[in-house]
Amino acid sequence: MVSNIDSIAEDTAPFTPAWWLPGPHLQTLWGPFGRRHQALARRRERLWLADGDFLDLDWHADAAGDAPLVLVLHGLTGSSDSHYVLGMQRSLAAQGWASVAINWRGCSGEPNLLPRAYHSGASDDLAEVIAHLQILHPGRPLYAVGYSLGGNVLLKYLGETGAECPLRGAAAVSVPFRLDQCADRIGIGFSRVYQAHFMRAMVDYVQVKLQRFRHDGLTEHFTALQRLGSLEGMRTFWDFDGRITAPLHGYTDADDYYRRSSSRYYLGAIAVPTLLIQALDDPFVFPHSLPEERELSPTTRFERHRRGGHVGFVEGAPWRPGYYLERRIPAWLASLAQS
């Protein structure tokens, strides 16, 4: 019997970590700080949600009408302009596939209209996007790729929809399978630098909305956020999620939010072909937070790499770096389309 952990397609060259980026942190930081960004020609669409809020979608490569379409989901404090999103959209276009990158609420450069925000359990927003794509392109093969927070949302959605899922396949990278344990992990050692960055960005996200609501005279929305209390002293994910995320989105506390939103608890119900790619040295995720084989559905394949950092997986030479995810995931999706 072939294990569905660490199985890699025979036609895919293995990942060899870049020798010039030793350790998990250089792998993690290379993308946002070292990678050259090349603009993509994209078309923005504003999707109005059932609750009156909006999401901005960025389309790339208007391929043939029957060509596969891939939805790309960014991570925490990211956007459709994140380096890994742009790289994936470019790679998908190279094989003749169209893609659309989602910007979670308030992540497209404009504050969203409601007090609620995006978070790791927001599979309801993902469901609305997918339903919209089905209406726009009925019968078109639809796939999804999620990174970090986006990967967690994607896997939760896949588990919730089970055999009724309209996607043909999915891939998720550097997923925080257990949000509670990841909130602990990012508070250890050098990872506290990432934690401080996220805290600044997340607090700023709330402050910008408060200012917008005050300026526009939206008293009810302003009061809803102000009622959460002071934004001072937010040092950890436990602080932010306990004081902001949980009460704002109907969870009892941080524990309740983490338990109900962690994708690890939904993996067994996934029914569509799904690829998981994770590095054992991910500075955001403990190795023991990764699911065991018995927790995975028969349709799931789990690649665990010794190195790679968080959404890193950089290979090649310093004068010509390569990006494993951008060759592995399109190849995986193409193999599904051909089967």
How long is the straight-line distance from [atom2] of [Y] back to [atom1] of [X], given to the nearest 0.5 Å?
X    : Y    : atom1 : atom2 : value
H74  : S80  : NE2   : OG    : 7.0 Å
L276 : L296 : CG    : CG    : 6.5 Å
D125 : L73  : CG    : CG    : 11.0 Å
E160 : I270 : CD    : CD1   : 10.5 Å
S148 : L76  : OG    : CG    : 7.0 Å
I102 : E128 : CD1   : CD    : 10.0 Å

- prompt: What class does the angle between the rings of F198 and F284 fall in, given that below 30° is parallel, 30 to 60° is tilted and above 60° is perpendicular?
  reply: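 Perpendicular.
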message: Tell me whether the rings of W59 and H137 are parallel (<30°), tilted (30 to 60°) or perpendicular (>60°).
response: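 If you compare the ring of W59 with that of H137, the planes turn out tilted.
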Any pair counted as side-chain hydrogen bond (donor to acceptor under 3.5 Å, both in side chains), so long as it reaches residues 22-37, sequence neighbours left out: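 Checked against side-chain hydrogen bond (donor to acceptor under 3.5 Å, both in side chains) - neighbours excluded - the pairs reaching residues 22-37 are H25-Y194, W30-Y323, R35-E326.
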task: Start with the C-alpha gap between D282 and R307, add the side-chain angles, then the distance that decides, and say whether salt bridge (Lys or Arg N to Asp or Glu O under 4.0 Å) holds.
output: CA-CA 8 Å; D282 189 322; R307 292 176 53 196; over 6 Å; no
Would you indicate whether [X], at its atom [atom1], is surrounded by more than 12 heavy atoms from other residues, nucleotides or ligands within a distance under 6.0 Å?
X    : atom1 : result
R235 : CZ    : no
F33  : CZ    : no
H215 : NE2   : no

- prompt: Would E110 and R46 satisfy salt bridge (Lys or Arg N to Asp or Glu O under 4.0 Å), going step by step from the backbone distance to the final call?
  reply: CA-CA 12 Å; E110 181 179 342; R46 177 152 295 183; 3.0 Å; yes
message: Run L154 and L126 through side chain to side chain contact (heavy atoms under 4.5 Å, CB included) and show every step you take.
response: CA-CA 8 Å; L154 175 58; L126 176 56; 4.1 Å; yes
message: Would L92 and L333 count as a side chain to side chain contact (heavy atoms under 4.5 Å, CB included) here? Give the steps.
response: CA-CA 10 Å; L92 290 167; L333 298 178; 4.2 Å; yes
Whether the [X] and [Y] side chains hold a donor-acceptor pair (N or O, under 3.5 Å, no angle test) is what I'd like checked.
X    : Y    : answer
S108 : N103 : no
E303 : Y324 : yes
R327 : S91  : no
K156 : S123 : yes

field: Verdict with reasoning, D256 to R260, per salt bridge (Lys or Arg N to Asp or Glu O under 4.0 Å)
entry: CA-CA 6 Å; D256 183 44; R260 291 163 57 189; 3.0 Å; yes
Taking the side chain from [X] and the backbone from [Y], do they hold a donor-acceptor pair closer than 3.5 Å?
X    : Y    : result
R301 : P298 : yes
Y157 : N152 : no
S289 : F177 : no
Q338 : S335 : no
S297 : G268 : no
Y257 : S120 : yes
K209 : N112 : no
S82  : S79  : yes
Q278 : V175 : yes
H249 : T245 : yes

task: Show your working on side chain to side chain contact (heavy atoms under 4.5 Å, CB included) between R168 and V272 and close with a plain yes or no.
output: CA-CA 6 Å; R168 301 282 186 90; V272 302; over 6 Å; no
Residues [X], [Y]: salt bridge by 4.0 Å N-O rule:
X    : Y    : answer
D253 : R243 : no
D58  : R43  : no
D53  : R116 : no
D204 : R200 : no

message: Tell me whether the NZ or CZ atom of R259 lies within the 45° cone about the ring axis of Y265 and under 6.0 Å from its centre.
response: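 Ring-cation test returns yes.
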query: Do Y205 and W104 have ring centroids that are under 6.0 Å from one another?
result: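 No, too far apart.
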query: Would F213 and F222 count as a close aromatic pair, with their ring centres under 6.0 Å?
result: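 Judged by ring-centre distance (under 6.0 Å), F213 and F222 do not meet the cut-off.
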- request: Please test F313 against H305 for ring-ring contact (aromatic ring centres under 6.0 Å, His included), starting from the C-alpha separation and ending with a verdict.
  value: CA-CA 9 Å; F313 298 96; H305 298 269; 5.7 Å; yes
- request: Walk me through it: do I188 and R192 pass the test side chain to side chain contact (heavy atoms under 4.5 Å, CB included)?
  value: CA-CA 6 Å; I188 297 174; R192 288 182 297 223; 6.0 Å; no
message: Within the structure provided, determine whether I244 and L225 are in side-chain contact (heavy-atom separation under 4.5 Å).
response: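 Of all side-chain heavy-atom pairs linking L225 with I244, none is under 4.5 Å.
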field: salt bridge (Lys or Arg N to Asp or Glu O under 4.0 Å) evaluation trace for R320 with E315
entry: CA-CA 9 Å; R320 192 176 181 180; E315 55 191 4; over 6 Å; no
